[in-house]
Amino acid sequence: RGVHLINMSFGEYANLDDCGRFVDMARQAVDKHDIIFVTSAGNNGPALTTGGAPGTSSAVISVGAFASRQMMQPQYSLRSNQLSDIQYTWSSRGPTADGADLVCVS
C-alpha cells in the first residue's frame with residue numbers, strides 16, 4: 001500500500017488551538033485514510049505561542065523553518081557568517097496556547 005502523505009505549507013490565525021473547520025478536516029483525513037499530515041508551524045515567529053491552524057492540530061506533524069549556516073547567505077541573504085544554525089526568525093514557535101508542543105521538527 002505504501003506511505004500516504006500530505007505536505008502543506010499553509011497557515012492561518014487560530015484563536016483556539018486544535019479546533020476549527022480546517023483542523024477538523026485534516027483530522028478527518030488522517031483518521032479516515034490513515035495518512036500522515038505534515039504542515040508548517042506558521043510564519044508569525046519568533047515569539048512563543050505564535051502557531052496557527054492547522055499547525056496547532058494534534059493530528060498533524062508541525063514543521064518549523066530552519067536555516068543552516070550554509071543556507072543563510074545564498075537562500076536568505078543573511079550576510080553574517082558568524083551565526084550558528086537556527087530556527088529561522090519568522091518561523092512560529094510553541095507551545096500552543098493550551099500548553100501543547102507546537103513544532104515537532106525544525
Side-chain angles (χ1 to χ4, degrees):
R1 187 181 140 169
V3 175
H4 291 209
L5 176 78
I6 295 174
N7 178 22
M8 186 176 75
S9 182
F10 165 81
E12 63 184 5
Y13 175 76
N15 193 34
L16 299 172
D17 296 326
D18 207 13
C19 67
R21 179 72 179 133
F22 193 88
V23 169
D24 291 342
M25 291 170 52
R27 184 178 295 108
Q28 181 181 21
V30 168
D31 293 342
K32 181 177 180 181
H33 301 289
D34 197 29
I35 60 172
I36 299 168
F37 199 116
V38 180
T39 185
S40 63
N43 295 330
N44 296 319
L48 298 177
T49 316
T50 54
T56 59
S57 171
S58 58
V60 305
I61 297 172
S62 181
V63 179
F66 178 81
S68 70
R69 288 182 71 192
Q70 292 80 14
M71 294 168 57
M72 289 182 189
Q73 203 283 323
Q75 295 180 355
Y76 297 105
S77 299
L78 296 174
R79 305 234 182 260
S80 175
N81 61 2
Q82 305 298 318
L83 298 173
S84 58
D85 296 350
I86 59 170
Q87 184 174 5
Y88 204 62
T89 55
W90 40 256
S91 185
S92 291
R93 285 146 170 88
T96 62
D98 63 4
D101 289 336
L102 173 66
V103 177
C104 302
V105 180
S106 246

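Heavy atoms only: backbone and side chains are in, while hydrogens, waters and symmetry mates are out.
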Could you grab the distance from atom [atom1] of [X] to atom [atom2] of [Y], nearest 0.5 Å is fine?
X: M8; Y: F37; atom1: CE; atom2: CZ; value: 4.0 Å
X: I35; Y: I6; atom1: CD1; atom2: CD1; value: 3.0 Å
X: T49; Y: D17; atom1: OG1; atom2: CG; value: 8.0 Å

- Looking at D24 and R21, does any basic side-chain N land under 4.0 Å from a carboxylate oxygen? no
- Query: Which heavy atom of A65 sits nearest a heavy atom of S91, and at what distance?
  - Reply: N-OG, 2.9 Å
- Minimal non-hydrogen separation, S57 against R27, with atom names: OG-NH2, 4.0 Å
- Task: Check whether any side-chain heavy atom of S9 sits under 4.5 Å from a side-chain heavy atom of T39, and report yes or no.
- Result: no
- Query: Same cluster or not: are V30 and V23 linked, directly or through other Ile, Leu, Val, Met, Phe, Trp or Tyr residues, by side-chain heavy atoms under 4.5 angstrom apart?
  - Reply: no
- D101 meets the salt bridge (Lys or Arg N to Asp or Glu O under 4.0 Å) criterion, sequence neighbours left out, with none
- Please identify each residue that fulfils side chain to side chain donor-acceptor pair (under 3.5 Å) with S58, with sequence neighbours left out. D18
- Task: Report yes or no: does S92 contribute a side-chain atom to a donor-acceptor pair with the main-chain N or O of T50 at less than 3.5 Å?
- Result: yes
